[in-house]
Protein chains: 2
Amino acid sequence: MKKDSKPPSIDDVARLAGVSISTVSRVVNRNVPVSAEIVTRVESAMRELNYVPRQAARNLATRRTHTIGVLLSDMLGDFFQPLLTGIETVARASGFEILISLTGVVRPQDQRLRPFGLHNTDGLLIFAGSLTPAGIEQAHASGLPLVLIHQSPPTGLDVPCVTVENKAASRKIVEHLIVTHQRRRIVLLRGPADNEDAHWREMGYREALAAHNLELDPRLMGVGDFEREVARATIEKMLASDTSFDAVFTGDDEAAVGVMLALEARGVKVPEEISVVGFDDQRLAEILHPPLTTVRAPTEQVGQEAARQLIKLIRTGSADPLTLLPTELVFRRSCGCRV
Amino acid sequence: MKKDSKPPSIDDVARLAGVSISTVSRVVNRNVPVSAEIVTRVESAMRELNYVPRQAARNLATRRTHTIGVLLSDMLGDFFQPLLTGIETVARASGFEILISLTGVVRPQDQRLRPFGLHNTDGLLIFAGSLTPAGIEQAHASGLPLVLIHQSPPTGLDVPCVTVENKAASRKIVEHLIVTHQRRRIVLLRGPADNEDAHWREMGYREALAAHNLELDPRLMGVGDFEREVARATIEKMLASDTSFDAVFTGDDEAAVGVMLALEARGVKVPEEISVVGFDDQRLAEILHPPLTTVRAPTEQVGQEAARQLIKLIRTGSADPLTLLPTELVFRRSCGCRV
DNA sequence: AACGCTTCTGAAAGCGCTTTCAGAATACAC
DNA sequence: GTGTATTCTGAAAGCGCTTTCAGAAGCGTT
């Protein structure tokens, strides 16, 4: 249609409207009063040329990008969507774009933070496991605003962190098995070794047992790694051994799937013979057979809160050191309730 | 630690290394030979200052951002992760970042494509339903490279499109119900009205019936909208009416969940009494009870291919008009196989 | 009629990098 | 030794916008 050689720049608009580029800039940004008549002239010029300001130029001039980077490990599973949706909602409302980078499982080398060229964004949201402590320190040292998600900062660094309450809820759900369902031999499937959620969930489990004078039996603690197949294998092994148990706290919902599959394959009835409870309340929790009793982690809110904190940090230079979002037990049938 | 006033710029590096900024730039970009000795001098200067090139400045200078925008409607459900993973993998391998914008359900107004300021990215990946045809035309008119995902371009526009094969697979899966399981009264749950996948899946259904001389009974066609609850309500209504049926092609897996729930609530046995088949092979398909027979849509590949096409379009100015990824039937138990 | 305000507007100096162009330096051939 | 290629390197001109600074206008006072 048009000459189409180069997209129009602010100069073209200024020329067409018969004003200076400063004035065009002011009309675009509405930060300084411009007389009504000129505003309409400039606006119609912009429309006529189909002018769109070049972001790169504004970024350079303002030294702000209005973009926040999100570093994710690519194995978030069902977390992905709610987390991102939460982040995006808040970011957009505050005029920020979001730049995403999946780091995969973090390999300690090549943590050079290449993806974002650091000054490519105004700040970074770092999900647990997507950056090594060294990487975090490096980013922090360069003055980039940072907020960690589901992971606390390396000792000594004051980087804000947003996560969910794990321990109390884990304790409560295990106590529910003990008190309401009279379970005594409760298996714990541990999450990944370096995962903080996993750590606190295990603490909750231990507290619950201790509070009811149940002995901590190492044979009842297996690996789950928050993974379906790992959990399945562990439970199969336990079933094959002579270790008896009457309940499983799977560590997370994904692992719960593996547990249910293993149990189903052996013809073990859930919850009659064995109660199963998970953590996260992922979408799949309610369609499991039987529907899974679990702990609801408000992942979308985590995303929102993380974005909110980061933006606050960017704007004011400080944010809340720790945001701990409440979790909530969701009783379905796998524990024995509502049968 | 540092004086921390301003981050170091290329000038600082040049000064410290005793060379011109042109040379520093060349060392950074390795696109022009620089003597080995100077390279080391510059590199150690960069290291010492902890220098990171400011992206905004390079973007402005090169008129490229090396960023591709991804427009997503926020109701992608389980598509979200594999799609994004696919896009990211390819983008990263080619040196592109990805900027994400969730548009939610598209509201025809405010399609001003605000989020990306157009020239903020080198090109856009547009998922079905995230932009109105008018929005697409506008973006296209401004010369932005575009690739559509799961949606063909507005008539007349030559915008490349990446999607999956819907019709043949739908026909095949329905024929499977007819031929292998002797089903005759097969319900179709339609997807959203303006959804192309839904359209082609319905065509496949019609073809299958026609090929086997089965009459197309309007009473067997209901709304599913690719939504669990909508599908559930439709099936409940059908069960309550006197319309009998012996199978359901749910349109997609999400709707299949609703169908299974409705059937289960009424005590109807799947697949003995009614066969159920879905489409997509989302993660939940295999944990449904019974596991869902469905069509596998290679969503991660769609993401990869879309990114690949867009990058090709950005680099060479042209891309394949249509990329149709093959789908594949996955037989599980809900149709009646492997019982 | 002169003065001081208040409001707008334009000129120009960056923001930090890439890239063209030309010159310096070195190498090589004769 | 001179001439000509061949490499490297630096100066300088942008890239397109924001923002400071100062000047121009308009307007009410005295």
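The side-chain contact (heavy atoms from CB on, under 4.5 Å) test with L125(B) is passed by exactly one of V162(B), I100(B), I149(B): I149(B). Here the rule is side-chain contact (heavy atoms from CB on, under 4.5 Å) with I68(B), and of L124(B), I314(B), T121(B), V147(B) only I314(B) fits it.
Here dA13(D) presents its P atom at 17 Å from CG of L60(B), a figure rounded to the nearest Å. Rounded to an integer number of Å, the gap from E37(A) CD to dT9(C) C1' is 12 Å. Atom CG in D11(B) sits roughly 12 Å away from atom P in dA11(D) (whole-Å rounding). In this structure, the CG atom of N59(B) is 14 Å from the P atom of dC17(D), given to the nearest Å. Atoms CG (L49(B)) and P (dC17(C)) sit 12 Å apart, rounded to a whole Å. Separating the CZ atom of R41(B) from the P atom of dT9(D) is a distance of 9 Å, rounded to the nearest angstrom. In this structure, I38(B) places its CD1 atom 12 Å from C1' of dT7(D), rounding to the nearest Å.
Comparing R63(B) and V32(B) against DNA chain D, the residue whose closest nucleotide sits nearer the 5' end is V32(B). Nearer the 5' end of DNA chain D, as judged by each residue's closest nucleotide, is the contact made by V34(B), out of V34(B) and A57(B).
H150(A) and D197(A) share a side-chain donor-acceptor pair at under 3.5 Å.
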- [ ] For the pair R54(B) and N59(A), evaluate side-chain hydrogen bond (donor to acceptor under 3.5 Å, both in side chains) and give the outcome as yes or no after the intermediate values.
- [x] CA-CA 10 Å; R54(B) 195 80 36 104; N59(A) 291 348; over 6 Å; no

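The A61(B) side chain lies nearest to dG14(D) when the options are dG14(D), dC8(D), dC17(D). The side chain of R58(B) lies closest to dT18(C), out of dC15(C), dT18(C), dC15(D). In the set dT18(C), dT18(D), dT9(D), dT18(D) carries the atom at the smallest distance from any side-chain atom of I10(A).
With contacts defined as side-chain heavy-atom distances shorter than 4.5 Å, the pair F79(B)/L84(B) does not qualify.
For the helix from dA1(C)-dT30(D) to dC30(C)-dG1(D), the axis fitted to the five pairs at one end and the axis fitted to the five pairs at the other end meet at an angle of 50° (nearest 10 degrees).
Listed in residue order, the members of residues 14-31 of chain B having a heavy atom less than 4.0 Å from DNA chain C are I21(B), S22(B), S25(B), R26(B), N29(B), N31(B).
Between dT9(D) and S35(B), a contact under 4.0 Å exists linking OP1 or OP2 to a side-chain N or O. OP1 or OP2 of dC17(C) has not a single side-chain nitrogen or oxygen of T62(B) nearer than 4.0 Å.
A salt bridge links R30(A) to E43(A): one of the charged nitrogens lies within less than 4.0 Å of a carboxylate oxygen.
Closest heavy-atom contact between F127(A) and L83(A): CD1-CD2, 3.6 Å.
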